[in-house]
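Take a look at the structure set out below.
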Amino acid sequence: GDQVEQSPSALSLHEGTGSALRCNFTTTMRAVQWFRKNSRGSLINLFYLASGTKENGRLKSAFDSKERYSTLHIRDAQLEDSGTYFCAADPSSGSWQLIFGSGTQLTVMP
Amino acid sequence: EAAVTQSPRNKVTVTGGNVTLSCRQTNSHNYMYWYRQDTGHGLRLIHYSYGAGNLQIGDVPDGYKATRTTQEDFFLLLELASPSQTSLYFCASSRDPGEQYFGPGTRLTVL
């Protein structure tokens, strides 16, 4: 089965509100990356975590390798936050590839 | 911020056609990767490379070849393109096994 399960698949928020995206892993991961795919289709790096939490502006991410999950919190959502968000995990198996979740389509509404 | 460029940005070809997608990174990264991304799916790894002359098989390699000619340049080759290869292709690089930086993507359509 899929090693990275991302939820929800779609999310609608009103401006100024917030929510969380989550990725669950079926195996131990060494690190996790979060991306946003913008309207031009480019993948923007948001966070890279090997443990703990990181915060950047209105975004905050956490990664718990032992509990096998990562979260991305968005607060005070703005229209420009709309896009598809992906998590990608780096397995501990020695393989140097990222395993991607299927993405969360975020729509921020006025 | 790592710089990864891809060309072309858009490509249309016919079934059986020969296509080469190019990727260049200018950050002296050792590792480079080719992914494809299809609607409703995350990115899937096609091929990757540790360095010039090295090639490793990813998760979905069938129908694709790749070549790493220099540390900077990584090419993806479709010698007999099929409609199932219509997709958005991303190249990425990383200094070591760790944070990856992605190019802007190439949209390929096989008619």
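All chains are named by letter (A, B, ...) in the order of the sequence lines, taking the proteins before the strands, and each is independently numbered beginning at 1.
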> Got a donor-acceptor contact below 3.5 angstrom from the A:Asn45 side chain to the B:Tyr101 backbone?
Replying inline: no

> So, the side chain of A:Gln33 versus the backbone of B:Gln100: is there a donor-acceptor pair under 3.5 Å, distance only?
Replying inline: yes

Report yes or no: do [X] and [Y] belong to one cluster of Ile/Leu/Val/Met/Phe/Trp/Tyr joined by side chain heavy-atom distances under 4.5 Å?
{"X": "A:Ile74", "Y": "A:Leu11", "value": "yes"}
{"X": "B:Val60", "Y": "B:Leu21", "value": "yes"}
{"X": "A:Val4", "Y": "A:Trp34", "value": "yes"}
{"X": "B:Tyr35", "Y": "A:Tyr48", "value": "no"}
{"X": "A:Leu49", "Y": "A:Met29", "value": "yes"}

>> What part of B:Asp59 gets within 4.5 angstrom of chain A, counting heavy atoms only: side chain, backbone, both, or neither?
In response: side chain

>> Using heavy-atom distances under 4.5 Å, tell me whether B:Gln37 contacts chain A through its side chain, its backbone, both, or neither.
In response: side chain

Roughly how far, to the nearest 0.5 Å, is the [atom2] atom of [Y] from the [atom1] atom of [X]?
{"X": "A:Leu98", "Y": "B:Arg44", "atom1": "CG", "atom2": "CZ", "result": "15.5 Å"}
{"X": "B:Phe102", "Y": "A:Ile44", "atom1": "CZ", "atom2": "CD1", "result": "11.5 Å"}
{"X": "B:Leu43", "Y": "A:Leu43", "atom1": "CG", "atom2": "CG", "result": "6.0 Å"}

>> Show the nearest heavy-atom pair for residues B:Arg9 and A:Arg40, with the distance to one decimal.
In response: NH2-O, 4.3 Å

>> Show the nearest heavy-atom pair for residues B:Gly40 and A:Ser102, with the distance to one decimal.
In response: O-CB, 3.9 Å

> chain B contacts: which residues in residues 77-85 of chain A have a non-hydrogen atom closer than 4.5 Å to it?
Replying inline: none

> Hey, is CZ on A:Arg58 packed in by over 12 heavy atoms from elsewhere, all under 6.0 Å?
Replying inline: yes

> Could you name the residues of residues 75-90 of chain B that have a heavy atom within less than 4.5 Å of a heavy atom in chain A?
Replying inline: B:Leu88, B:Phe90

